[in-house]
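Everything on this sheet refers to the single structure shown next.
Side-chain atoms are counted along with the backbone in the values below, which use heavy atoms only and exclude waters and symmetry mates. From a predicted model like this one, the values you see are computed outputs, not experimental measurements.
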Amino acid sequence: MSNIIDVRISYQKQYRIMVGEGLAESFTDFCSERYSSQKSFIVIDEKVDSLYHERVEKMCRKYFDETHFFVVPEGESSKSVTQWNNIIDSVLKIGLERGTPLLAVGGGVTGDLGGYAAASILRGIPLIHMPTSLLTMVDSSIGGKTGVNHDTGKNLIGAFYQPDAVFSDVNFLETLEQKEWITGLAEVLKYAAIRNPDLFDEVESLTQKPLAPNNRWVNIIRESARIKTDIVQEDTLEAGKRAYLNFGHTFGHAIEKLAGYGHISHGEAVFVGMIAGTYLSKKLGHPVDEARFAPFLPLYKQQMKSLPSNIDQLIETMKTDKKVKNNILRLVLLNEWGSPYIYECTDYSRLRDTWKYALAQFN
Ligand SMILES: NC(=O)c1ccc[n+]([C@@H]2O[C@H](COP(=O)([O-])OP(=O)(O)OC[C@H]3O[C@@H](n4cnc5c(N)ncnc54)[C@H](O)[C@@H]3O)[C@@H](O)[C@H]2O)c1
């Protein structure tokens, strides 16, 4: 008799991402079809709470008898074990059951933190994401990555935990600051580069005016969410293709790390990284041109603080990226627009030249 047992566990879970203007009704319909619990628990960003508390409460009260709020202090420092523990304390004190949904309302910090709390409480309670920043609508609410930071680095504690649904109501973006739009925009431009170059023109026409939500943004957010969903579905646990989502990111992470987190935003750093990645792709003979990013350059330049300029340090920092294997830098580059590939970089003089070019665009 064999003593081997084969276990097949599917990580796939079906859920719906809704993108639109005003989704309160769809939210109530979804909850009444899905949950029998009369309680709900809201984890909400402090600023979003101050702007939208009544709207969120009213929306929840339409179906749930009891709605409890946990307000997350604004900023990256809230993505901590302490805040995760505070959420768990609140939930357990209130006495929620396994069927009670946790609704995460806010940007990526609240989504990652609330998501990880949902994954941990009673070994997993239902999670709904209600993203309120552009970055979260197009990126962090999709794909199931949840977690908090550790003193030694970002996102080091966490779990893959898929939500039951995502409600991206673009009306929330009315109050989003320009710098947060620009952070999210970098991820949209990434999707343009790696999957759908038509997005470049769509976004370009919208960024000539002040950034504000409208129906065309609904389409752009929907298309971005579709692209991320497609890639994540092909590689749920990040074993292969999901790496394409890191286009511009290995360069960007080096900038963020050297500048000191918070000094240059993630989106700004990724934008510089995408210029570098495109330039290097072109130098390797691929038919792409970093000039495609030129129309967006003024947006980033107008708000960006000075970039780190020591190229040797930037390259050394790239080598500390968690995606480096056997000391070989694995960069996402482009065969052509819409077609990424992994380039194993050992030619550091070419990399030096790439950094020189990219940094010069911001002088
Ligand atoms: N899970 C993932 O796959 C994933 C992917 C990318 C990024 N992230 C994480 O996301 C985080 C960054 O997300 P973020 O940029 O949304 O940051 P954030 O959550 O800090 O939000 C940015 C700012 O926008 C404000 N804000 C949010 N919605 C608003 C609204 N509607 N009106 C006015 N202000 C609003 C917040 O108060 C905050 O000041 C990082 O921690 C990053 O690690 C996670």
Practice prompt. Tell me yes or no: between the side chains of H266 and E268, is some donor less than 3.5 Å from an acceptor?
Written response: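 No, no side-chain donor-acceptor contact under 3.5 Å.
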
I'd like to know if [X] and [Y] make a salt bridge, using a cut-off of under 4.0 Å between side-chain N and carboxylate O.
| X | Y | value |
| --- | --- | --- |
| E204 | R292 | yes |
| K13 | D164 | yes |
| E177 | K47 | yes |

Q361 vs E290, test: side-chain hydrogen bond (donor to acceptor under 3.5 Å, both in side chains). Steps then yes/no.
CA-CA 11 Å; Q361 307 313 301; E290 68 290 344; over 6 Å; no

Cation-pi between R195 and Y244: NZ/CZ under 6.0 Å from ring centre and within 45° of the ring axis?
->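 The answer is no, since R195 fails at least one limit relative to Y244.
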
Review point. Does Y348 have K319 sitting over its ring (NZ/CZ under 6.0 Å from centre, angle to axis within 45°)?
Key: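 Verdict for Y348: a cation-pi partner in K319.
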
Any side-chain heavy atom of [X] sitting closer than 4.5 Å to one from [Y]?
| X | Y | result |
| --- | --- | --- |
| M304 | K179 | no |
| V203 | S205 | no |
| S90 | N86 | no |

With a sphere of 6.0 Å drawn around CD of E25, does it hold more than 12 non-hydrogen atoms of other residues, nucleotides or ligands? no

**Item:** Heavy atoms from other residues, nucleotides or ligands near CZ of R16 exceed 12 (cutoff 6.0 Å)
**Value:**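 Incorrect, the count does not exceed 12.
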
Is it the case that the ring center of [Y] lies less than 6.0 angstrom away from the ring center of [X]?
| X | Y | result |
| --- | --- | --- |
| F271 | F296 | no |
| H286 | Y341 | yes |
| H129 | F167 | no |

Tell me whether D169 contacts the main-chain N or O of E21 through its side chain, where contact means a donor paired with an acceptor under 3.5 Å. no

(message) Check whether S141 reaches the backbone of T136 with its side chain - one donor and one acceptor, N or O, closer than 3.5 Å.
(response) yes

Please list every donor-acceptor pair under 3.5 Å in which a side-chain atom of residues 99-112 meets a protein atom from a residue at least two apart or in another chain.
| unit_1 | atom_1 | unit_2 | atom_2 | d |
| --- | --- | --- | --- | --- |
| T100 | OG1 | S37 | OG | 3.2 |
| T100 | OG1 | E97 | N | 3.2 |
| T100 | OG1 | E97 | O | 3.3 |
| D112 | OD2 | K79 | NZ | 2.9 |

Take the angle between the ring planes of F293 and W337 and call it parallel below 30°, perpendicular above 60°, tilted in between.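 F293 vs W337 ring planes: perpendicular.
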
- Query: Using the ring of each side chain (for Trp, its six-membered ring), is Y357 parallel, tilted or perpendicular to Y279, with breaks at 30° and 60°?
  - Reply: parallel

Which atom pair, heavy atoms only, marks the closest approach of I231 to R242?
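So the minimum-distance heavy-atom pair works out to CG2-CA, 3.8 Å.
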
